[in-house]
Amino acid sequence: MKILAQTSHSDIAKVYVASFADDRIVEFVESTEPPIPKADKWVLIISTMLGCPVGCKFCDSGLFYGGKLNEGEMLRQILFLVENSYPDRKVESKKFKIQFARMGEPALNMAVCDTLINLPTEIDAPGLLPSVSSIAPKGSEKFFDKIHEIKNDIYKNKFQLQFSLHSTNQEQRDWLLPVKKWDFKTIARYGENYFAKGNRKITLNFALGAGMEINPNVLLDQFDPEIFFIKLTPVNPTYNSQKNEIKTVFDENKENGKSIIESLKKAGYDTLLSIGEIEENKIGSNCGQHILNYMKSGHKLNQAYTYNLEYL
Ligand code: SF4
């Protein structure tokens, strides 16, 4: 793997652009949460595909699709970052989260499972917390069965699983995530089977756009609050979210969407509003962002992608 470029200095996050053989170009990210020291929390976000075939309406990674990454290509992204900070591959960070979430829908790539299986043999990281986030595409049953097995056999309660729903209205969900998907009933039954006492709850994520429905009663029909947890996030500024006129409900103003949070809590759900660092929008390291695709679009966004790429 050859590093082609990286974003200019920031204590918060850095995006790397790298190439594999045949000019297969990926982006991956490392981030911290100042003032929390890296020794306490460090997050890596790696790609599982070249672009993404799903094409969610708010995501710049889905603007093209060039195939899946193999296990070696995923491990290389992780090992590059690990060896940069810990040359002996002994990661001291107490919470060391690896998200399979830059480019690609992980459930469409079985090599993600091989990467998860072999990861603990490649690095010594007691704080390791892998995190798989998926829209639950139709046909991914084999992937999720394997994830269940991997969680039980290797990671136990140190594994995070997230389903990205984004709306409780099926028509809206089909517009936002334009592929065939598991319905809520299928996700809920899978979760009930997957979840064991002492495990982390499964996250249901809503990057909520204005006008998108989040109805606690629809959720309660299927999702047990003892098993599922709700995470609310902003729709980050991307070329695609602007093109599709999706405006975020949640932003730095914590008052926005307060009634939504209250209604979810009242329904019994543990609910977290995760705004993250706004600076990350400018770096281009946030969820749904993809620097090269943004650059290709020739578009200009005010509050995003303003950091320079330094070519190496
Ligand atoms: S949000 Fe995830 S599944 Fe959707 S296009 Fe982006 S990378 Fe693909």
Ring geometry between Tyr194 and Phe159 (parallel below 30°, tilted from 30 to 60°, perpendicular above 60°):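 Geometry flag for Tyr194 against Phe159: tilted rings.
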Phe144 vs Phe163 aromatic rings, parallel, tilted or perpendicular, using cut-offs 30° and 60°?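 Ring orientation, 0 to 90° scale: tilted.
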Do [Y] and [X] meet the salt-bridge criterion of a basic N to acidic O distance under 4.0 Å?
| X | Y | answer |
| --- | --- | --- |
| Glu73 | Arg76 | no |
| Lys14 | Glu30 | no |
| Asp124 | Arg89 | no |
| Glu192 | Arg189 | yes |
| Asp174 | Lys181 | yes |

Does the cation-pi check pass for Lys282 over Tyr305, that is, NZ or CZ under 6.0 Å from the six-membered ring centre and within 45° of its axis?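 Judged by the rule (NZ or CZ under 6.0 Å from the ring centre, within 45° of its axis), Lys282 is not positioned above Tyr305.
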Inter-residue atom distance [X].[atom1] - [Y].[atom2], 0.5 Å rounding:
| X | Y | atom1 | atom2 | value |
| --- | --- | --- | --- | --- |
| Gln99 | Cys287 | CD | SG | 7.0 Å |
| Ile278 | Asn236 | CD1 | CG | 8.0 Å |
| Leu272 | Thr203 | CG | OG1 | 9.0 Å |
| Leu69 | Leu50 | CG | CG | 5.0 Å |
| Ser164 | Asn205 | OG | CG | 4.5 Å |
| Leu165 | Gln162 | CG | CD | 9.0 Å |

Test your reading of the model: is there a side-chain donor-acceptor pair from [X] to the backbone of [Y], 3.5 Å cut-off?
| X | Y | answer |
| --- | --- | --- |
| Glu122 | Ile78 | no |
| Asp251 | Pro234 | no |
| Ser140 | Pro137 | yes |
| Asp60 | Asn240 | yes |
| Thr7 | Val15 | yes |
| Lys94 | Lys38 | no |
| Tyr65 | Gly104 | no |
| Asn215 | Asn217 | yes |
| Thr271 | Lys231 | no |
| Thr186 | Trp182 | no |

Shared hydrophobic cluster for [X] and [Y] (ILVMFWY, side-chain gaps under 4.5 Å):
| X | Y | value |
| --- | --- | --- |
| Tyr16 | Leu4 | no |
| Leu220 | Ile202 | yes |
| Phe206 | Ile275 | yes |

Would you kindly say whether Asn199 and Lys151 are connected by a side-chain donor-acceptor distance under 3.5 Å?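 Yes, because at least one side-chain N or O of Asn199 sits under 3.5 Å from a partner of the opposite role on Lys151.
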Between Ser285 and Glu280, is there a side-chain donor-acceptor contact under 3.5 Å, judged purely by atom types and distance?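 Present: a donor and an acceptor within the cut-off.
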Atom of [X], atom of [Y] and distance for their closest heavy-atom approach:
| X | Y | value |
| --- | --- | --- |
| Gly257 | Val249 | CA-CG1, 4.2 Å |
| Pro130 | Phe100 | CB-CE1, 4.4 Å |
| Pro106 | Ser133 | CG-O, 3.2 Å |
| Gln77 | Glu27 | OE1-O, 4.1 Å |
| Asn118 | Glu71 | ND2-OE2, 2.7 Å |
| Asn244 | Trp175 | O-CH2, 3.8 Å |

Working note: Val26 + Met103, criterion side-chain contact (heavy atoms from CB on, under 4.5 Å); need CA distance, chi angles, decisive distance, verdict. CA-CA 8 Å; Val26 294; Met103 289 195 289; 3.9 Å; yes
Give a yes or no on whether Asp23 atom CG has more than 12 heavy-atom contacts from other residues, nucleotides or ligands under 6.0 Å away.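 Atom CG in Asp23 is not crowded, with 12 or fewer foreign heavy atoms closer than 6.0 Å.
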Assess whether atom CG of Asp22 is packed by more than 12 heavy atoms of other residues, nucleotides or ligands within 6.0 Å.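 For Asp22, atom CG is not crowded (no more than 12 foreign heavy atoms under 6.0 Å).
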Could you check whether any side-chain heavy atom of Leu108 comes within less than 4.5 Å of a side-chain heavy atom of Pro53, counting everything from C-beta outward?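 Yes, side chains in contact.
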Given side chains that start at C-beta, do those of Ile135 and Glu105 come closer than 4.5 Å, heavy atoms only?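 Counting from C-beta outward, Ile135 and Glu105 do come under 4.5 Å.
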Starting from the C-alpha separation in whole Å, work towards a yes-or-no answer on salt bridge (charged side-chain N to carboxylate O under 4.0 Å, His left out) for Lys95 and Asp40. CA-CA 6 Å; Lys95 186 172 182 183; Asp40 287 343; over 6 Å; no
Decide ring pair (Phe, Tyr, Trp, His ring centres under 6.0 Å) for Phe228 and Tyr269; before the verdict, give the C-alpha distance in whole Å, the side-chain angles of both, and the deciding distance to 0.1 Å. CA-CA 7 Å; Phe228 294 93; Tyr269 289 106; 8.2 Å; no
Any chance you could lay out the side-chain contact (heavy atoms from CB on, under 4.5 Å) test for Phe143 and Asn109, step after step, and finish with the verdict? CA-CA 8 Å; Phe143 174 87; Asn109 187 355; over 6 Å; no
Report the C-alpha separation of Phe58 and His166 in whole Å, then their side-chain angles, then the decisive distance to 0.1 Å, and conclude whether the ring pair (Phe, Tyr, Trp, His ring centres under 6.0 Å) test is met. CA-CA 11 Å; Phe58 45 80; His166 305 315; 5.0 Å; yes
Might you work through the side-chain contact (heavy atoms from CB on, under 4.5 Å) test for Leu309 and Gln6, ending with a clear yes or no? CA-CA 5 Å; Leu309 261 189; Gln6 60 190 38; 5.8 Å; no
